[in-house]
Amino acid sequence: MTDTIPLALTSDEIEMLVDALEADMEGYVEAAKEARGNNNREDVQTFTEAATRIQTLLSKLQDLVEE
């Protein structure tokens with residue numbers, strides 16, 4: 001595990017990060033689907049792991065956004 005870094009963000013900044021990460025995650029999900037269609041298991045694993053890590057971070061950030 002890496003070291004944690006204290007960081008203060010506004011709600012707007014967190015929402016911007018959430019939006020950017022959602023778009024990034026969608027790209028990885030699509031890339032995994034394409035790799036699956038090309039029978040490229042290594043890329044499927046890589047892209048799926050990236051999407052999963054982004055989803056984990058998104059969940060943490062979304063918990064901080066005021067509804």
Side-chain angles (χ1 to χ4, degrees):
M1 190 84 187
T2 60
D3 295 333
T4 59
I5 300 170
L7 178 65
L9 299 170
T10 66
S11 293
D12 286 344
E13 290 168 331
I14 293 173
E15 288 178 13
M16 288 188 301
L17 286 172
V18 166
D19 289 343
L21 287 170
E22 285 174 341
D24 198 33
M25 186 178 67
E26 288 175 15
Y28 281 112
V29 169
E30 288 302 315
K33 287 179 186 177
E34 187 175 316
R36 192 172 291 113
N38 293 330
N39 223 10
N40 187 337
R41 291 183 179 146
E42 186 175 316
D43 282 352
V44 170
Q45 181 179 356
T46 299
F47 296 139
T48 301
E49 286 175 3
T52 301
R53 292 182 71 191
I54 291 170
Q55 180 58 57
T56 300
L57 178 55
L58 272 171
S59 294
K60 289 180 181 180
L61 292 173
Q62 287 169 333
D63 288 344
L64 299 174
V65 176
E66 295 175 359
E67 296 288 326

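Just so it is clear, the values below take in all heavy atoms, side chains as well, and ignore hydrogens, waters and symmetry mates.
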Original post:
Looking at CG of Leu21 and CD1 of Ile14, how far apart are the two atoms once the value is rounded to the nearest 0.5 Å?
Top reply: 11.5 Å
**OP:** State yes or no: do Phe47 and Val44 share one hydrophobic cluster built from I, L, V, M, F, W and Y residues joined by side-chain heavy-atom distances below 4.5 Å, directly or via other members?
**Re:** no
Original post:
Is Leu64 close to Leu9 at the side-chain level, that is, under 4.5 Å between some pair of heavy atoms?
Top reply: no
Original post:
Which pair of heavy atoms, one from Val65 and one from Val18, lies closest together, and at what distance?
Top reply: CG2-CG2, 4.5 Å
**OP:** Tell me, please, which residues at least two apart from Gln45 pass side-chain hydrogen bond (donor to acceptor under 3.5 Å, both in side chains).
**Re:** Glu49
Original post:
Do Ile54 and Ile5 sit in the same hydrophobic cluster, where Ile, Leu, Val, Met, Phe, Trp and Tyr count as joined when their side-chain heavy atoms come under 4.5 Å apart?
Top reply: no
Original post:
side chain to side chain donor-acceptor pair (under 3.5 Å): which pairs involve residues 19-37, sequence neighbours left out?
Top reply: Glu22-Gln62
Subject >> Distance, nearest 0.5 Å, that separates OG1 of Thr48 from CG of Asp43 >> reply: 10.0 Å
Subject >> Value rounded to 0.5 Å, distance of OG1 in Thr10 from CE in Met16 >> reply: 6.0 Å
